[in-house]
Peer 1: 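Pasting a structure here, questions to come.
Sequence lines set the chain letters: A, B, ... in the order given, protein chains first and strands last, and positions in each chain run from 1. In what follows, every heavy atom counts, from backbone to side chain, and hydrogens, waters and symmetry copies are set aside.
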There are 2 protein chains.
Amino acid sequence: MDKKIIQELIDRYVSVSFDVNKKAESLIKGQIEEDLTIDQHYIIKYIQNSKECTSSELAEAFDVNKSAITAIINRLADRGLIERTRDENDRRVVYLTLSDKGKQLLQKTHEKVHLLVESIITQFDETEITNFINTYEKLALILTNMKMEEMGE
Amino acid sequence: MDKKIIQELIDRYVSVSFDVNKKAESLIKGQIEEDLTIDQHYIIKYIQNSKECTSSELAEAFDVNKSAITAIINRLADRGLIERTRDENDRRVVYLTLSDKGKQLLQKTHEKVHLLVESIITQFDETEITNFINTYEKLALILTNMKMEEMGE
DNA sequence: GGTGAATAGTTTAACAGTTTAACTAATATT
DNA sequence: AATATTAGTTAAACTGTTAAACTATTCACC
């Protein structure tokens, strides 16, 4: 690839990804139910989609210290959205699950976000958006590999 | 478009964008100089690229209240990275500029981030990445319009 | 089988970022 | 001239974050 073209692509990518992230985040904020923060929403969502979720897994997934997770989980547990259950075989481990209240909250937000994303996605033609998501997923894979290499060092 | 396909695309998009954001952010964190936070980095970057930057403009661009910007700018000004200058014609307005120290810091990070993004981008072929960025920019445009409609309500 | 290392999670202190509301100072409106 | 609007700051309260020290449990292995 030509050097100049690469430089231009880099600039465009850096700029557009910042832009889209900011705006998408602010749109999602608008869809979230009842005073949940965006981080709390993502934590709840992750717990729902994970089979046996632990604090360590969350810390790994969100790339923060475990104590940051403890703080968030405490707030959500205080509000009755999350429940903690000790593993009977390994009593160090605490499994996190959503309460019914937590599930309901997530469900409402999930539907709203889906509608929002749908209203955006359908403005593209199918080939374009499919290609886009395919490349996006390749990018995710590359980033995962880079992170793993970084860990391995 | 078929309903099922749309649903699948939505799920994939929501999932992959979360994934890429988390990982990209953590990679960028690793490139930032001297204890700047990622928000501080983006603020400095924005000030550099804007002609006559004010707190109000930053608050708009980052979608937060002006008082949040004041707090960040205070910290950066205390460290001598940013300077404030009052507008002589409208003395309510304060222009924000980078000090030499601030510019140097940004430059170093900028180079590192560029190298990082370059090492990623060059793993794709030119057509694919160009198409990807084109679509990404369309998406940015759609989100901008949605935000503007929201404001207009 | 007991000792030391590793693991899961919590606590605490300190700080960054955020919102809301009240405020100051300057400019615009009428 | 009086009133409203605008730019920015301050203060209080909260969320998210790290680093370091801690508890409780399990693992390794001699």
Peer 1: Under the side-chain hydrogen bond (donor to acceptor under 3.5 Å, both in side chains) rule, collect the residues that match up with B/E83, sequence neighbours excluded.
Peer 2: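 Counting only residues at least two positions away or on another chain, B/E83 forms no side-chain hydrogen bond (donor to acceptor under 3.5 Å, both in side chains).
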Peer 1: Let me check the geometry of the helix from C/dG1-D/dC30 to C/dT30-D/dA1. What is the bend angle between the axes at its two ends, five pairs each, to 10°?
Peer 2: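 Overall, the helix from C/dG1-D/dC30 to C/dT30-D/dA1 bends by 20° from one end axis to the other.
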Peer 1: From B/T135 OG1 over to A/I133 CD1, what is the distance, rounded to the nearest 0.5 angstrom?
Peer 2: 10.0 Å
Peer 1: Classify A/D35 by what it touches in the nucleic acid, base, sugar-phosphate, or nothing, heavy-atom distance under 4.0 Å.
Peer 2: nothing
Peer 1: Between B/T54 and D/dA7, is there a side-chain N or O to OP1/OP2 distance below 4.0 Å?
Peer 2: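 Answer is no, no contact under 4.0 Å.
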Peer 1: Could you list all N or O pairs between the protein and nucleotides 17-23 of chain C that sit under 3.5 Å apart?
Peer 2:
unit_1, atom_1, unit_2, atom_2, d
C/dG17, OP1, B/T37, OG1, 2.5
C/dG17, OP2, B/R75, NH1, 2.8
C/dT19, OP2, B/N65, N, 2.7
C/dT20, O4, B/S67, OG, 2.8

Peer 1: Kindly write out the residues that satisfy side-chain hydrogen bond (donor to acceptor under 3.5 Å, both in side chains) with A/T144, not counting sequence neighbours, or none if the list is empty.
Peer 2: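 Residues passing side-chain hydrogen bond (donor to acceptor under 3.5 Å, both in side chains) with A/T144: B/K23.
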Peer 1: Not counting sequence neighbours, which residues clear side-chain hydrogen bond (donor to acceptor under 3.5 Å, both in side chains) with A/Q107? List them please.
Peer 2: A/E111
Peer 1: Does B/F18 have any ring pair (Phe, Tyr, Trp, His ring centres under 6.0 Å) partners at least two apart in sequence or in another chain, and if so, which?
Peer 2: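 Applying ring pair (Phe, Tyr, Trp, His ring centres under 6.0 Å) to B/F18 gives A/Y42, A/F62.
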Peer 1: Do any pairs count as a ring-ring contact (aromatic ring centres under 6.0 Å, His included) and have a residue in residues 74-98 of chain A, sequence neighbours left out, and if so which ones?
Peer 2: none
Peer 1: Would a hydrophobic clustering, with Ile, Leu, Val, Met, Phe, Trp and Tyr connected at side-chain separations under 4.5 Å, put B/L141 with A/I121?
Peer 2: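 No, separate clusters.
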Peer 1: Test of understanding: with ring pair (Phe, Tyr, Trp, His ring centres under 6.0 Å), list the residues that count as partners of B/H110, not counting sequence neighbours.
Peer 2: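 With sequence neighbours excluded, B/H110 shows a ring pair (Phe, Tyr, Trp, His ring centres under 6.0 Å) to B/H114, given in chain and number order.
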Peer 1: How close or far is atom C1' of D/dG16 from atom CD of A/E25, stated in whole angstroms?
Peer 2: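 Whole-Å distance recorded here is 13 Å.
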Peer 1: Look at A/S56 and C/dG9 and indicate whether a side-chain polar atom (N or O) is within less than 4.0 Å of OP1 or OP2.
Peer 2: yes
Peer 1: Among residues 79-87 of chain B, which residues get a heavy atom nearer than 4.0 Å to DNA chain D?
Peer 2: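 Nucleic-acid contacts, sorted: B/R84.
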Peer 1: With a 4.5 Å limit on heavy-atom distance, are the side chains of A/L58 and A/C53 in contact?
Peer 2: yes
Peer 1: How close or far is atom P of D/dT15 from atom NE2 of A/H41, stated in whole angstroms?
Peer 2: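 Whole-Å distance recorded here is 18 Å.
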Peer 1: Could you list, one pair per line, each protein nitrogen or oxygen that sits under 3.5 Å from a nitrogen or oxygen of nucleotides 2-6 of chain C, together with the distance?
Peer 2:
none

Peer 1: Write down the distance between CG (A/N74) and C1' (C/dA8), rounded to a whole number of angstrom.
Peer 2: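 The answer, rounded to whole Å, is 15 Å.
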Peer 1: Using the side-chain heavy atoms of A/R91, tell me which of these nucleotides is nearest: C/dA8, C/dA26, D/dT25.
Peer 2: D/dT25
Peer 1: Only counting residues at least two apart or in another chain, list the ones meeting side-chain hydrogen bond (donor to acceptor under 3.5 Å, both in side chains) with B/D90.
Peer 2: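 By the side-chain hydrogen bond (donor to acceptor under 3.5 Å, both in side chains) rule, B/D90 matches B/R92.
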Peer 1: Nearest whole angstrom, please: distance from the P of D/dG8 to the OH of B/Y95.
Peer 2: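 Those two atoms, OH and P, are 9 Å apart.
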Peer 1: Just how far, in rounded Å, is P of D/dA7 from CG of B/N89?
Peer 2: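 Checked: the CG to P distance equals 15 Å.
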Peer 1: Give me the one residue out of A/N49, A/I72, A/L98, A/I32 that meets side chain to side chain contact (heavy atoms under 4.5 Å, CB included) with A/I44.
Peer 2: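 Exactly one candidate clears the test, A/L98.
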Peer 1: Could you tell me if the ring centre of B/F132 sits under 6.0 Å from that of B/F124?
Peer 2: no
Peer 1: Using side-chain contact (heavy atoms from CB on, under 4.5 Å) as the criterion, list what pairs up with B/S15, not counting sequence neighbours.
Peer 2: none
Peer 1: Between B/K4 and B/E8, is there a salt bridge with N-O shorter than 4.0 Å?
Peer 2: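 Salt bridge absent between B/E8 and B/K4.
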